[in-house]
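Each chain gets a letter, A, B and so on, in the order its sequence line appears, and its residues count up from 1.
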Amino acid sequence: MLEKEYFAPKIEKKWFDIWEETKPYKVDDNSPKPKYFALSMFPYPSGKLHMGHVRNYTITDVVARFKKALGYNVLHPMGWDSFGLPAENAAIQKGANPKTWTLENIEYMTKQLKMLGLSVDWDREVTTCLPDYYKWTQWLFIQLYKKGLAYKKTAPVNWCDKCATVLANEQVIDGKCWRCDSEVTKKNLSQWFFKITQYSEELLKDLEQLTGWGDNVKTMQENWIGKSTGAILKFKVAELDDVEIPVYTTRADTAYGITYLVVAPEYKDIEKLTTPENLEAVNQYRENAKKLSEIERLSTERVKTGVPLGTHIINPFTGRKCPVWVADYALVDYGTGAVMAVPYHDERDFDFAKKYNLPMIQVIDGEGFEEGKCYVEKGHLVNSGQFNGIDAQSARAKITEFAQQQGFGEFKTQYRLRDWLISRQRYWGAPIPIVYCPHCGEVPVKEEDLPVMLPTDVDFSVQGKSPIETSATFKEAICPICGAKATRDTDTMDTFVCSSWYYLRYADAKNDKECFNRDLVNKWLPVDQYIGGIEHAILHLLYSRFFTKALRDCKLLDFDEPFANLLTQGMVLKDGSKMSKSKGNTVDPDEIYQNYGADTARLFILSDSPPARDFDWTDAGVEGCYKFISRMYRLYSKFQDKIKLDYSFDVASLSKKDDNFVREIHIAIKKVTHDIENEFQFNTVISSYRELTNAIYEYIKDENLINYDVLSFGLLTLLKLVSPVCVFLTEEIYSSLGAKTSIHDEPWCQYDDNLAKTSTITLIVQVNGKLKDKIDAAQGLDNASLEELAKASSKVQEAIKDKTIVKTIVVPNKLVNIVVK
RNA sequence: GCCGAUGUGGCGAAAUUGGUAGACGCACCAGACUCAAAAUCUGGCGUGGUUCACCCCACGUGCCGGUUCGACUCCGGCCAUCGGCACCA
């Protein structure tokens, strides 16, 4: 029996318990239905859900339920991105054990997620910090190692002092640490990298295939990969026979205008290139450069500085002798670390040359050129020997070809993307499964010996080194090759390694023999719909794409891209500004559950904005949604004895009123179905819920005129349409009406396009494109009749009197426009 | 500087293909019910003009221009906001 008024927490608790018991969302791998993989970006177990989680998982859940009702075999899993620094910081600050802290958070948040009513198959839960998962993270590391895609090298790497660890390039935002926002410095360290740059071109090119991704994300990845095409030009050093300086340039057309060369302070041959009389100044300059933070060094505002090395190169095009300088505006890790300088046609070189009084040669002339000013616009070549007069754009290839023939140049494609640094000097991560043997060097752990377990005898309070190093036994190892005493690597992997493959594990989450079964992964993947925040546009999404391609090349799976469709949801705001703990304007999901119920939260968070846009959470909005839910509930409560689950009626013999009502029901089904399928426009879906509810209230106004079969059709249709959003409410109502099955197992409503159309149309009548009248007319009238109808309108006659009709435009079933002069 | 997204009432927004701009809601206003309030129900709600009122007229989708019988929608040029990249040679 339905009560008179709706009381959410009691009803939701009831169904929570039932679903806990019956596990209605368990997925069958062998179902003959077509598969659909709906995936949310898995959460970090920080302690409590926030509204961003609620929005993310509600969207995915509605998609999953909708697809299930359409007849798909839906995989909708959930897991925990549970390695990472916060657990370790909690250990340091509160003396907690990172594992206990993390698992307690997971337990609490799991309950919160279940209370939200998600249709998740919890038997496939993955938790990245548990050995049954990180064993396979380590195994995958070894596969990449064997493929040559994991390697160790010494390089200047990004270092965050506060987090006491190195960072990947992607984790440095404007020179600051992505996690703690403190300034990043460079350190020369030996670290593990994944060779993501081997896939630069494929990662860029395959963005085209990703038609289900937004342009914003694709552009961000494109910018990050940063492809540019140009040339390598090699310069002989006048004073030295054994050194040559290659430079990378996109402006080979300006080669005749080179007046000096710049190398980065970390340039490999810089010592050879420095003459004794310049040594002291150069060394001092290099020392200073080292001390600068990344932010200072990369600032474009900064005045450029440099010192000459004393040596010179010969420009092979002109024979001109040009000095070599060291300057920190040259970057050691892009191109060759050396730059050719053409002050007349490059603003940076121009500033530098002016400051140090270096010569300039004009080699491009064009519209707007001014003597003594840097010129970077289009033009043709001058002072360039045989190339004079050629358009600068086409001269790039011609000059490079010439250099190639002469043996001092070649075409070169350059990417901004760097290899992914994955070592972390932290405890709470998957240990890198490598040992160092005095005889055999670096050797991967034998696969049958995995996982390399995290030690528990560690001291988290140590400074200046990883807590793992304080373990008494962790470092001790035996060489897998020769059996000698060896040392274990004490670094752990970046948490982004764990999250780069978790979606694959969902296909076969409990497999303890393999990382995942190849057939199962090929069956379920790629993910049909991936949903999460824009903050992962580069980091996680690029790494996952790389992993998929790398694992494909390791013959572990047979597809190229992991996520066919991507929806990046907007932020959740509170009264117009970003929710944050520091502002104290957060909304606690638990409180909403208790006061209004999860259905209200789900309904509201989908209602006001389309998913990709920011959503403004307001107390009045929640209140409004609760009222709407109560309004629906009252309808069913009022008619619960009259609703027929097996209603039937003949469309042909309905009264006009019933006929109109039936049409509105079909329109609602059509609109809801269409709006979910089209970009998941849940805000308009919910508008349709309200319109249908309003239509039902209108229909029941005169109780003597109710056809209860037709009313049942309306109420049961509304119930099913709302069921993906308000999962508890609809289940409660459906079961109270005597249904033996779950509303969530019922198929989606079907609409009849003919019944969704009106028998009459509203003819729009315009004069010179301006609305003059609206006339009710029959469907399907011919153009002449429509024109006649329009001209009969008194409003039209008023508007066209004393004027000449130039022509008349008729759009069948829609509009007549009379053009007059 | 380069690239991408967005711009519609007081607010969130809607508008398959160019064809009634503002659906649906929030807020607000009025009425019904009530001793009263809450809840609920009914109606109104872009701007300006005109009118006792109904009607009616003009204007209105960031700005300027174009195409068209007709433009929120298409084209060209700007402006603003948000986001990404950037001494990347």
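The nearest heavy atom of RNA chain B to A/V811 and to A/V339 marks one nucleotide each, and the one closer to the 5' end goes with A/V811. Nucleotides of RNA chain B nearest to A/K772 and A/A620 differ in position, and the one nearer the 5' end is that of A/A620.
Annotated as syn: B/G9, whose glycosidic dihedral is within 90° of 0.
A close approach under 4.0 Å does not occur between any side-chain nitrogen or oxygen of A/K774 and OP1 or OP2 of B/U20. Close to B/A14, at under 4.0 Å from its OP1 or OP2, lies a side-chain N or O of A/N683. Contact annotation: A/Q766 does not reach the phosphate of B/A71 (side-chain N/O to OP1 or OP2, under 4.0 Å). The side chain of A/K770 places an N or O atom within less than 4.0 Å of a non-bridging phosphate oxygen (OP1 or OP2) of B/C59. Contact check, A/R613 against B/A14: a side-chain N or O comes under 4.0 Å of OP1 or OP2.
Residue-level contact check: A/K218 touches neither bases nor backbone, having no heavy atom under 4.0 Å from any strand. Nucleic acid contact class of A/N216 (heavy atoms, under 4.0 Å, all strands): sugar-phosphate only. As judged by a 4.0 angstrom heavy-atom cut-off over every strand, A/N678 is placed among residues making no nucleic acid contact. Residue contacts shown for A/E347 are absent, as no nucleic acid heavy atom lies under 4.0 Å away. Within the 4.0 angstrom heavy-atom criterion, only backbone atoms of the sugar-phosphate kind lie near A/R690; the bases stay farther away. Within 4.0 Å (heavy atoms only), A/A341 reaches no atom of the nucleic acid at all. Heavy atoms of A/K795 sit under 4.0 angstrom from primed sugar atoms or phosphate atoms, though from no base atom.
Contact annotation: side chain of A/N817 to base of B/C69, donor-acceptor pair present below 3.5 Å. No hydrogens or angles were tested; on distance alone, nothing pairs the side chain of A/T684 with the base of B/A14 as donor and acceptor under 3.5 Å. Checked by distance alone, A/K304 brings a side-chain donor or acceptor within 3.5 Å of a matching partner on the base of B/C87.
The nearest whole Å value for the distance from the CG atom in A/D174 to the C1' atom in B/G83 is 12 Å. Rounding to whole angstrom units, OH of residue A/Y689 and C1' of B/A23 are separated by 17 Å. When rounded to the nearest whole Å, the span between CD of A/E691 and C1' of B/G25 equals 11 Å. At whole-Å resolution of the value, CD in A/E679 and P in B/A13 are 16 Å apart. Between the P atom of B/G12 and the CG atom of A/D608 lies a distance of 10 Å, rounded to the nearest Å. Rounded to a whole Å, the NZ atom of A/K814 is 10 Å from the P atom of B/G18. The separation between A/Q681 atom CD and B/U16 atom C1' is 11 Å, rounded to whole Å. Remark: P of B/G83 and CG of A/N223 are 15 Å apart, rounded to the nearest angstrom.
Spacing between B/G12 and B/A23 at atom P, rounded to whole Å, works out to 15 Å. Of the C1' atoms belonging to B/G4 and B/A89, the separation is 24 Å, rounded to the nearest Å. Atom name C1', nucleotides B/C54 and B/C64: the rounded distance is 40 Å, in whole Å. Atom C1' of B/A15 sits at a distance of 9 Å from the matching atom of B/G22, rounded to the whole Å. When the P atom is used for both B/G43 and B/C26, the distance is 15 Å, rounded to whole Å. Between the P atoms of B/A5 and B/U42, the separation comes to 43 Å (whole Å). For B/G48 and B/A53, the P atoms lie 15 Å apart once the distance is rounded to whole Å. Atom name C1', nucleotides B/C72 and B/G84: the rounded distance is 28 Å, in whole Å.
Among the nucleotides B/A5, B/A86, B/G19, the one closest to any side-chain atom of A/D215 is B/A5. Residue A/D328 places its side chain closer to B/C87 than to any other of B/C87, B/U20, B/C24. Distance from the side chain of A/L331 is smallest to B/C87 among B/A13, B/C69, B/C87. Listed nucleotides B/C87, B/A89, B/C24 differ in distance to A/Y329; the shortest reach to its side chain belongs to B/C87. Proximity note for A/Y248 (side chain, C-beta onward) versus B/C41, B/G84, B/A89: the nearest is B/A89. The listed nucleotides are B/U16, B/A86, B/A89; the one nearest the side chain of A/W224 is B/A86. For A/P610, whose side chain is taken as the heavy atoms from C-beta onward, the closest listed nucleotide among B/U16, B/A86, B/A13 is B/A13. The A/I809 side chain lies nearest to B/C69 when the options are B/G25, B/A15, B/C69. Taking the side chain of A/I764 as heavy atoms from C-beta on, and the options B/U20, B/U40, B/A23, the nearest nucleotide is B/U20. Among B/C85, B/U40, B/G4, the nucleotide with an atom closest to any side-chain atom of A/R634 is B/U40.
Ion pairing of A/K670 with A/D753 is present here, as a side-chain N (NZ or NE/NH1/NH2) and a carboxylate O approach within less than 4.0 Å. A salt bridge links A/E698 with A/K701: the closest approach of a Lys/Arg side-chain nitrogen to an acidic carboxylate oxygen falls below 4.0 angstrom. The existence of a salt bridge linking A/K638 and A/E703 is confirmed by a sub-4.0 Å separation between a basic side-chain nitrogen and an acidic carboxylate oxygen. A salt bridge links A/D333 with A/R418: the distance from a Lys NZ or Arg NE/NH1/NH2 to an Asp or Glu carboxylate oxygen falls below 4.0 Å. In summary, A/E623 and A/K627 do not engage in a salt bridge, as defined by a charged side-chain N under 4.0 Å from a carboxylate O.
In a base pair of the Watson-Crick type (N1 to N3 plus N6-O4 or O6-N4) or a G-U wobble (N1-O2 and O6-N3), with each distance short of 3.5 Å, B/C56 is matched with B/G49. Across every strand in view, B/G1 sits in a pair with B/C85 that passes the Watson-Crick or G-U test at under 3.5 angstrom. Pairing for B/C26 is with B/G10, a Watson-Crick or G-U wobble pair whose two hydrogen-bonding atom distances lie under 3.5 Å. Across all strands shown, the partner of B/U40 is B/A32, judged by Watson-Crick or G-U wobble contacts whose two distances both fall under 3.5 Å.
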Test log, rule salt bridge (Lys or Arg N to Asp or Glu O under 4.0 Å), inputs A/E201 and A/K227: CA-CA 8 Å; A/E201 184 59 32; A/K227 180 177 182 173; 3.0 Å; yes
A/K176 and A/D174: CA distance, side-chain angles, deciding distance, salt bridge (Lys or Arg N to Asp or Glu O under 4.0 Å) verdict: CA-CA 5 Å; A/K176 294 178 184 171; A/D174 292 329; over 6 Å; no
Residues A/Y543, A/E170; criterion side chain to side chain donor-acceptor pair (under 3.5 Å); working and verdict: CA-CA 10 Å; A/Y543 294 151; A/E170 290 78 9; 2.8 Å; yes
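No side-chain heavy atom of A/T197 sits less than 4.5 Å from a side-chain heavy atom of A/W420.
Looking at A/D675 and A/T684, their side chains do bring a donor and an acceptor atom within 3.5 Å of each other.
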